[in-house]
**Q** 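Shown below is the structure under consideration.
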Amino acid sequence: MPNLIDGRAIAEKVYVDLRREIAELKAQGITPGLAVVLVGDDPASRAYVRSKDKMCRELGLHSLKLELPASTTQTELLNRVEQLNADASIHGILVQSPPPVHIDEAAIVRALDPRKDVDGFHPENVAKLVLEDATGFVPCTPLGVQRLLIESSVNINGAHVVVLGRSMIVGKPLALLLMQKNAEGNATVTVVHSRSRDLVEITRSADIIIAAIGRAGFVKIDHVRQDAVVIDVGINRVDDAATERGYRLVGDVAFDEVSKKASAITPVPGGVGPMTIAMLMSNTVKAARQSL
Ligand code: GUN
């Protein structure tokens with residue numbers, strides 16, 4: 001059995017440090033505040049928003065949860081963002097993705113005050129990631145993956161990392177983060193995606209495989225070199241009549257077979273997911289600190 005990377009336990013370590021930092025900010029009269037905006041009623045998005053709100057409360061952060069109807073217009077949503085930009089009690093703003101199709105998501109992201117963009121999606125923060133300017137915000141899932149690797153003593157420096165998926169939320173920022181010129185980066189990064197030729201040959205040369213393509217069980221044993229480290233970012237709902245909810249969550253990795261070959265692997269759930277929320281809390285605390 002490979003080493004199972006326990007995202008919940010590592011997230012708890014992050015919270016120990018965060019609680020101390022939050023206490024220090026409160027002693028200076030600042031309670032970090034996060035606004036989470038959900039438009040529409042997608043069940044998965046609703047569940048994510050609920051867990052973000054719950055974690056804020058557990059840490060003693062100010063939490064504002066805005067649940068808007070699917071009929072909310074672009075103008076109404078922009079007005080809400082403007083209000084939150086101007087609200088001194090709010091240091092971080094997250095608009096849950098994906099919004100309904102009539103919403104121009106890129107325009108909403110550009111309307112955010114980049115100093116409150118704890119998702120790291122605003123062009124100014126994307127630029128700061130490219131420029132390796134540490135005052136910017138890095139998207140939460142890539143940050144969480146990097147932290148999981150560091151806390152699990154996986155060597156990133158000089159390693160060949162293959163990222164499957166090129167999304168703006170995970171694949172692209174993760175590649176930029178792990179190739180940064182610093183002790184927590186210095187990886188040789190290859191990004192493969194749905195159109196890549198010779199995908200299996202590429203993934204088989206990876207020291208670390210990070211799957212973020214949104215396809216249940218896509219990464220099979222043949223994709224993986226003996227003793228590679230495998231990080232599974234996928235959260236896919238598959239029908240399962242045997243469960244109470246009628247579905248279960250599975251990753252982008254065929255866990256049962258790949259775990260026979262990997263030296264370390266993350267489970268789904270309980271791997272990357274808890275780290276994404278921990279990094280959102282961390283970015284919110286950073287936004288509050290930088291507002292001083
Ligand atoms: N939807 C899935 N992941 C994310 C995320 O990290 N941020 C936001 N805003 N929406 C998401």
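Remember, it's 1-based here, ligands and their atoms both numbered in the order they're listed.
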**Q** Taking distance alone, with N or O pairs closer than 3.5 Å, would you say T276 contacts ligand 1?
**A** no

**Q** May I ask you to check if ligand 1 and S97 share an N or O to N or O distance below 3.5 Å?
**A** yes

**Q** May I ask you to say whether D113 pairs ionically with R115, meaning some side-chain N is under 4.0 Å from a carboxylate O?
**A**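 Counted as a salt bridge, because a side-chain N and a carboxylate O are separated by less than 4.0 Å.
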
**Q** By number and element, which atoms of ligand 1 are closer than 4.0 Å to a non-hydrogen atom of F121?
**A** 7 (N), 8 (C), 9 (N)

**Q** Only one of L94, V95, L64 clears side-chain contact (heavy atoms from CB on, under 4.5 Å) with V36; which?
**A**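 So, applying the side-chain contact (heavy atoms from CB on, under 4.5 Å) to V36 and each of L94, V95, L64, only L94 qualifies.
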
**Q** Before accepting this row, confirm whether a basic side-chain N of the pair D53/R57 lies closer than 4.0 Å to the acidic partner's carboxylate O.
**A**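 Judged by the 4.0 Å cut-off on N to carboxylate O distance, D53 and R57 do form a salt bridge.
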
**Q** Please check whether T141 reaches ligand 1 - meaning an N/O of the residue sits under 3.5 Å from an N/O of the ligand, judged on distance alone.
**A** no

**Q** Taking NZ, NE, NH1 and NH2 as the nitrogens, is one of them in K54 or E58 under 4.0 Å from a carboxylate oxygen of the other?
**A** yes

**Q** Can you tell me which residue and heavy atom of the protein come closest to atom 4 (C) of ligand 1, and the distance to 0.1 Å?
**A**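 Atom 4 (C) of ligand 1 sits closest to the protein heavy atom I169 CD1, 4.1 Å.
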
**Q** How far is atom 11 (C) of ligand 1 from its nearest protein heavy atom, and which residue and atom name does that atom have?
**A**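 Protein heavy atom with the smallest distance to atom 11 (C) of ligand 1: Q96 NE2, 3.4 Å.
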
**Q** Could you report the tightest heavy-atom contact between K261 and V224, atom names first, then the distance?
**A** NZ-O, 2.9 Å

**Q** Nearest heavy atom to atom 9 (N) of ligand 1: which of L280, I235, V170, D119 does it belong to?
**A** D119

**Q** Name the residue from K13, R19, R20 that meets the salt bridge (Lys or Arg N to Asp or Glu O under 4.0 Å) definition with D17.
**A**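 Among K13, R19, R20, the one that satisfies the salt bridge (Lys or Arg N to Asp or Glu O under 4.0 Å) with D17 is R20.
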
